[in-house]
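First the proteins, then the strands, lettered A, B, ... as listed; each starts at 1.
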Protein chains: 2
Amino acid sequence: MLWTVDPASPTPLFEQLATQVRRSIVDRTLVRGEKLPSAKELAASLEINLHTVLRAYQTLRDEGLIELRRGRGAVVIADDPGLVNLHLMADELLAEAGRLGLAHEHVVELLEGRRA
Amino acid sequence: MLWTVDPASPTPLFEQLATQVRRSIVDRTLVRGEKLPSAKELAASLEINLHTVLRAYQTLRDEGLIELRRGRGAVVIADDPGLVNLHLMADELLAEAGRLGLAHEHVVELLEGRRA
DNA sequence: ACCTATTTGTCCGTATGTATG
DNA sequence: CCATACATACGGACAAATAGG
């Protein structure tokens, strides 16, 4: 899998792992339907705790990238995690704005206002 | 606080707690700026583990309902559920764009391009 | 139909780190 | 400097769902 984590890094281990899995999905190293290593295996491989791997997996599940099933493991469900997902999120954002009666420009302004 | 959890319920303790806090926000029992009890206190009060309370709090933070700060505690930030939710979705959209390496303006353009 | 191993889900406990006041 | 409070990580335990024999 060529995934590694750095205990000395200020970024949490579970976040490091989640980021690497995301990258693997984005660059097609992992594709839809593919199975991830079991948390136990991966934990042993990375020399981190089982729970840390599970937390990374659960984070990815909350993001809609993988599916977790007891006894079955973790499976990639993201098809195109890139622009397709971004457009989906934009859809939802605009739909929500519509429910609130906000005009399209208001949403654009809202995002412009978030330019850090 | 009149919050309770039922260890015998099939729904997880942290989810039970998160749901009750959500209800308190929705029905204005808790309003913006109000401080929630510290995780330690609440855990002792509900006779559950500190981490279980923290997990509930972190879930609510991920939903944009409360803010967590080290040394300070948990504070309600939701005021208008609708608008807050919109900001949550904008957060997620921008975060996703960030993961894809897309600049802020690209997201703005993407939304502008969706003017029906 | 049964049993067993695997795998995730949750909870508890402990320890350490980091930011706040 | 010190107490408080959340953040993360590790470890152990048990439950629940799945898969396979």
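With hydrogens and angles ignored, the 3.5 Å screen pairs no side-chain donor or acceptor of A:Glu67 with any backbone N or O of A:Val76. At distances below 3.5 Å, not a single donor-acceptor pair connects side-chain atoms of B:Arg55 with backbone N or O atoms of B:Phe14. No donor-acceptor pair under 3.5 Å is formed between the side chain of B:Ser45 and the backbone N or O of B:Glu41. Side-chain atoms of A:Thr52 do not come within 3.5 Å of backbone N or O of A:Ile48 as any donor-acceptor pair.
Side-chain contact between A:Glu34 and A:Val75 is absent, with no heavy-atom pair separated by less than 4.5 Å. No side-chain heavy atom of A:Ile66 sits less than 4.5 Å from a side-chain heavy atom of A:Leu30.
Distances were taken from every side-chain heavy atom of B:Leu54 (C-beta onward) to each of C:dT14, D:dC6, C:dC11; the shortest belongs to D:dC6. If you check D:dT8, C:dC12, D:dG11 against the side chain of A:Asn49, the one that comes closest is D:dG11. Among C:dC11, C:dT7, D:dC10, the nucleotide with an atom closest to any side-chain atom of A:Ser38 is C:dT7.
Protein atom NZ of A:Lys40 is 17 Å distant from nucleotide atom P of D:dC10, rounded to whole Å. Regarding B:Glu41, its CD atom lies at a distance of 18 Å from the P atom of D:dA3, rounded to whole Å. Taking atom NE2 on A:His51 and atom P on C:dC11, their separation rounds to 12 Å, with Å as the unit. Rounded to whole Å, atom P of C:dT8 lies 7 Å from atom CG of A:Leu68. In this structure, A:Leu50 atom CG and D:dC14 atom P are separated by 16 Å, rounded to whole Å. Residue B:Ile48 contributes atom CD1, which lies 14 Å from atom P of C:dT10 at whole-angstrom precision. In this structure, A:Asp62 atom CG and C:dT8 atom P are separated by 15 Å, rounded to whole Å. In this structure, B:Leu36 atom CG and D:dC6 atom P are separated by 9 Å, rounded to whole Å.
Note on A:Thr52: a side-chain N or O is less than 4.0 Å away from OP1 or OP2 of D:dC10. Checking the phosphate oxygens (OP1, OP2) of C:dT8, no side-chain nitrogen or oxygen of A:Gln58 falls inside 4.0 Å.
Residue-environment remark: NZ (B:Lys40) stays at or below the threshold of 12 foreign heavy atoms within 6.0 Å.
Non-hydrogen atoms lying under 4.0 Å from DNA chain D are contributed by A:Pro12, A:Leu13, A:Phe14, all within residues 4-16 of chain A.
A continuous path of ILVMFWY side-chain contacts below 4.5 Å connects B:Tyr57 to B:Val5, so both sit in one hydrophobic cluster.
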Quick one: what's the B/S/- string for nucleotides 16-21 of chain D, heavy-atom cutoff under 4.0 Å, read 5' to 3'?
-> BBBS--
Take A:Leu68 and A:Leu54 through the side chain to side chain contact (heavy atoms under 4.5 Å, CB included) test and state the conclusion after the steps.
-> CA-CA 10 Å; A:Leu68 297 178; A:Leu54 284 176; over 6 Å; no
